[in-house]
Participant: 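Have a look at this one before I ask anything.
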Protein chains: 2
Amino acid sequence: MGQEYQELSYHSDPLPSLPEAVSVGGSAGIAAQLRRAIVEGAYGLNERLPAERELANLFKTSRGTIREALRRLQELGMVDRQIGSGTFVTYRQFSEHTEIADVTSPLELIEVRLGIEPQIVRLAVANATAMDIERMRKALLKVEAAAGDPETFSKADAEFHLAMAECTRNRLMVWLYQLVNETRSHDQWAAMKESILVPERIAQYNAHHRHLYNMIAKRNLDSALDTIYDHLDTARNDLVGAVRTRPN
Amino acid sequence: MGQEYQELSYHSDPLPSLPEAVSVGGSAGIAAQLRRAIVEGAYGLNERLPAERELANLFKTSRGTIREALRRLQELGMVDRQIGSGTFVTYRQFSEHTEIADVTSPLELIEVRLGIEPQIVRLAVANATAMDIERMRKALLKVEAAAGDPETFSKADAEFHLAMAECTRNRLMVWLYQLVNETRSHDQWAAMKESILVPERIAQYNAHHRHLYNMIAKRNLDSALDTIYDHLDTARNDLVGAVRTRPN
DNA sequence: AGTATTTGGTATTTATTTGGTTTAAACCAA
DNA sequence: TTGGTTTAAACCAAATAAATACCAAATACT
């Protein structure tokens, strides 16, 4: 039972090797073809493969053989299967590994935000129009309404900060902050969200948000700056706490 | 439907597999189509999508399926929905940095640098390694050697500031600063260089550079911060002077 | 100001799709 | 024989899709 896996996993990485040498019949051959189709990008990440019965027709074989082939792909960690839904690709192309978000640590992100966001506050206080303030208010209501769920709160929080960035009326600043936000929303942080975003912490963040909105609307630069520094310091301390293995 | 693939069965040696074209189907496929339409600009920011019942007719499917597809788009943060009003696009299209450079004014650029570079100085003082300092020293010598020609000085100046960014040991910061630098080197500023970068101004900038290098090497944060603010203030004032139509 | 329409939100029921499992029969190579 | 593989058929459980009705918020119209 183990022999066929060696054949698959050994020459696995980039090249299709030569499957014909092994008399490409049966489930092993079908598994090899499907694997090759996936690594070559015929089926992208999270895309659905044809249903088992469909594949059986396509390959002119029985469903049992298809199932055996898919079982091997599943053991290789290339696909995930869900009853009633289908078989989905979990294999990541190598090119998708090189994103900045993947090599950015939470502390690095906070360091960058500590540079950009206070400046955003300064420019927002100086340049925000009534329309900008109104957009910010809507974003504030949205993030406050999302206080119950860490996931939606996280998205709404990003939108609020982006609305604040738009108050600067500086397109380069908005563009840069969008890039920061993209890094921020990368799924690398998913696990951390759960442990950090407890209700009381969300409440504290939202108090910061509301005060930021009020101070920008009132053009109170000093108080707004105090708040954004407080906000980011809190976030930084939370991150350090979240990665700490032992309490102090 | 499977008939066409008969001769492509798995016996054939040369890449027989053509099981493609299943990605579309059900709510997942509809979500993918709508997502593509949005990112390709068919529906712009804040624009309204057709109503659910309309989409159900268009896609020849049930409203429930449409809702499921829209729910996925909402989870991706691409769309926002309001009762009685409709579904609206919240996805912001990224323009390439070449385009961003075209719509960025010199003052906007300085405003962004005023946020980022002081933070770079703080992190550089804290994190720079001996190797980083050495790279910075070489960049300093290069920019000082280029004092004679505004064009080469401008390039060497950008390299010096990038070397400083690399002292932060923060990859996200370096990446962002590279993007800022690209905006900076856009030929939009070519005309301005000639009028601003007179020899005495270059000398002043280089004095800033040398002092920045020394203070970072000596880990003197306060003096380094004073210098970078001085540096950027000088640049801002030069820009305002350059775009001023009448002398004061 | 009040009414009617449109729109997204919710719920329910039924049908279809899809992977998971079992059983039985046939075939092949060691 | 023995063990392994393939084919075939039937059924199960979970997820999705479809059809329908009704609600609530926002908007348009009178």
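Worth knowing before you read on, the calculation uses all heavy atoms, side chains too, and leaves out hydrogens, waters and symmetry mates. Note on naming: letters A, B, ... go to the chains in the order of the sequence lines (proteins, then strands), and numbering restarts at 1 for each one.
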Participant: Between atom CG in A/Leu49 and atom P in C/dG19, what is the gap in whole Å?
Facilitator: 9 Å
Participant: B/Ile66 CD1 to D/dA19 C1': how many Å, rounded?
Facilitator: 14 Å
Participant: Kindly say if B/Ser62 contacts the phosphate of D/dA18, meaning a side-chain N or O under 4.0 Å from OP1 or OP2.
Facilitator: yes
Participant: What orientation do A/His231 and A/Tyr205 show, parallel under 30°, tilted 30 to 60°, or perpendicular over 60°?
Facilitator: perpendicular
Participant: Looking at B/Ser27, does any N or O in its side chain come under 4.0 Å of the phosphate oxygens OP1/OP2 on D/dT16?
Facilitator: no
Participant: Look at all strands and tell whether B/Arg48 reaches a base, only sugar-phosphate, or nothing, counting heavy atoms closer than 4.0 Å.
Facilitator: sugar-phosphate
Participant: Looking only at the side chains, is there a donor atom on one of A/His211 and A/Asn214 sitting less than 3.5 Å from an acceptor on the other?
Facilitator: no
Participant: Within this structure, what is the CG-to-C1' distance between A/Asp80 and D/dA15, rounded to whole angstrom?
Facilitator: 14 Å
Participant: Which whole-number value in Å describes the distance from B/Leu55 CG to C/dT7 P?
Facilitator: 11 Å
Participant: Classify every nucleotide of nucleotides 20-30 of chain C by which part a protein heavy atom approaches to under 4.0 Å, writing B for the base, S for the sugar-phosphate alone and - for neither, in 5'-to-3' order.
Facilitator: BB---------
Participant: Holding to side-chain contact (heavy atoms from CB on, under 4.5 Å), I want the full list of residues that pass it with A/Glu159, two or more places apart in sequence or in another chain.
Facilitator: A/Lys142
Participant: Please state whether the phosphate of D/dA18, meaning OP1 or OP2, lies under 4.0 angstrom from any side-chain nitrogen or oxygen of B/Thr65.
Facilitator: yes
Participant: Are any of B/Thr61's side-chain N or O atoms less than 4.0 Å away from OP1 or OP2 of D/dA18?
Facilitator: yes
Participant: Does any donor atom in the side chain of A/Ser223 or A/Asp226 lie under 3.5 Å from an acceptor atom in the other side chain?
Facilitator: no
Participant: Give B/Gly86 one of three labels, base, sugar-phosphate or nothing, depending on what nucleic acid heavy atoms sit under 4.0 Å from its own.
Facilitator: sugar-phosphate
Participant: With a 4.5 Å cut-off on side-chain heavy atoms, are B/Arg236 and B/Leu107 touching?
Facilitator: yes
Participant: Using atom CD1 of B/Ile30 as one end and atom C1' of D/dT16 as the other, report the distance to the nearest whole Å.
Facilitator: 12 Å
Participant: Are A/Gln119 and A/Arg122 close enough that a side-chain donor and a side-chain acceptor fall under 3.5 Å?
Facilitator: yes
Participant: What is the distance, rounded to the nearest whole Å, between atom CD of B/Glu68 and atom C1' of C/dT10?
Facilitator: 14 Å
Participant: In this structure, how many angstroms lie between the P atom of C/dG19 and the CZ atom of A/Phe88, rounded?
Facilitator: 8 Å
Participant: Please enumerate all residues that pass side chain to side chain donor-acceptor pair (under 3.5 Å) together with B/Arg53, with sequence neighbours excluded.
Facilitator: none
Participant: Pairs under 3.5 angstrom only: tabulate donor-acceptor contacts from the side chains of residues 40-47 of chain B to other protein residues two or more places apart or in another chain.
Facilitator:
{"from": "B/Glu47", "atom 1": "OE1", "to": "B/Gly44", "atom 2": "N", "distance (Å)": "2.7"}

Participant: Could you give the CG-to-P distance, from B/Leu70 to D/dA17, as a whole number of Å?
Facilitator: 13 Å
Participant: So for the helix from C/dA1-D/dT30 to C/dA30-D/dT1, with five pairs setting each end axis, what is the inter-axis angle to 10°?
Facilitator: 30°
Participant: Applying side chain to side chain donor-acceptor pair (under 3.5 Å), name anything that partners B/Glu117, two or more places apart in sequence or on another chain.
Facilitator: B/Arg113, B/His161, B/Tyr177
